[in-house]
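To keep things clear, I will list the structure first and then write my remarks on it.
Whatever order the structure lists them in is the order used to number ligands and atoms, beginning at 1. Computed from a predicted model, the values in this text were never measured in an experiment.
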Amino acid sequence: MTNVVLFGPPGAGKGTQSEKLIQKYGFVHISTGNLFRWHTKNDTPLGQRVKEIINSGALVPDEVTIAMLQEELNKNPLAKGFLFDGFPRTVPQAEALDQFMKEQGSAIHYVVALNVTEAEVRARIAKRRTVENRADDEEEKLNKRITEYFTKTIHVLPYYEKQGRLNTVNGIGDIDEIFASIAELIKL
Ligand code: AMP
């Protein structure tokens with residue numbers, strides 16, 4: 001089992017690179033953002049609970065996010081490997097993920113951080129807004145998401161760095177070249 005965390009600010013290209021990684025390696029893709037959007041779209045009890053938070057651009061509380069992630073892991077007992085996209089976003093989430101992996105006799109083998117400047121992220125999301133119409137891509141919500149990233153999520157990087165598990169990849173440039181740099185790191 002090989003497990004990967006793909007890390008980066010909103011608009012860093014996590015979704016795009018995830019698709020390519022799944023195709024190449026057959027990972028089970030776990031995107032907490034996609035899962036939350038599914039729950040809100042389908043108006044589930046969890047969706048009703050998190051809708052306002054997501055639309056504001058804030059982070060969903062750890063206990064809610066961690067419980068949803070655990071449920072998703074339990075649904076995939078035969079996975080050959082997981083690709084975590086948009087999770088963990090806080091240190092308690094990173095600790096919970098390590099614990100879950102340990103319980104399965106596994107671990108997070110690679111943490112790949114896409115390095116993208118704030119200016120680039122803003123330009124990309126402005127572009128995405130014209131095609132995807134995500135409620136949380138609106139200007140003031142975007143500011144909140146970027147603030148959440150730079151005040152909370154960024155602290156996850158030293159957590160992994162201290163353990164020697166952090167790999168940083170330049171996230172600006174050609175999509176296939178970025179993918180090649182990621183693929184170079186991952187040895188199954
Ligand atoms: P994303 O598509 O990954 O940018 O996620 C969209 C929104 O879902 C975020 O702005 C948060 O409100 C929520 N979300 C996704 N993943 C997490 C997480 N790991 N922890 C807390 N909130 C999350």
### Summary
Among F87, Y149, F36, F84, the residue with a heavy atom nearest to atom 23 (C) of ligand 1 is F36
### Message
Minimum distance, heavy atoms only, to atom 17 (C) of ligand 1: which one of R89, E148, M68 is it?
### Response
R89
Please list, one pair per line, the donor and acceptor atoms closer than 3.5 Å that link side chains of residues 181-188 to other protein atoms, with sequence neighbours excluded.
{"from": "S181", "atom 1": "OG", "to": "E177", "atom 2": "O", "distance (Å)": "3.0"}
{"from": "K187", "atom 1": "NZ", "to": "E184", "atom 2": "O", "distance (Å)": "2.3"}

### Query
Counting only heavy atoms, which portion of R37 has something under 4.0 Å from ligand 1: side chain, backbone, both, or neither?
side chain
### Query
For ligand 1, is any non-hydrogen atom under 4.0 Å from K14's backbone (N, CA, C, O), its side chain (CB onward), both, or neither?
neither
Do any nitrogen or oxygen atoms of [X] come within less than 3.5 Å of a nitrogen or oxygen of ligand 1?
X	value
L59	no
G86	yes
N34	no
A58	yes

[X]: numbered ligand 1 atoms lying under 4.0 Å from its heavy atoms:
X	answer
I54	8 (O), 12 (O)
Q93	18 (C), 19 (N), 20 (N), 21 (C)
T65	18 (C), 19 (N), 20 (N), 21 (C)

### Query
Does the distance from a Lys or Arg side-chain N to an Asp or Glu carboxylate O, for R145 and E148, drop under 4.0 Å?
no
### Task
Determine, for K51 against D43, whether the closest basic-nitrogen to carboxylate-oxygen distance falls under 4.0 angstrom.
no
### Task
Kindly check if the number of other-residue, nucleotide or ligand heavy atoms within 6.0 Å of CD (E52) is above 12?
no
### Atom CD1 of I22: over 12 foreign heavy atoms under 6.0 Å
yes
#### Entry: Any residue meeting side-chain hydrogen bond (donor to acceptor under 3.5 Å, both in side chains) with E103, in chain and number order, not counting sequence neighbours
Q99
### Co-membership, hydrophobic cluster, residues L59 and I125, 4.5 Å side-chain
no
### Summary
Heavy-atom nearest pair, N3 first then A107, reads ND2-O, 2.8 Å
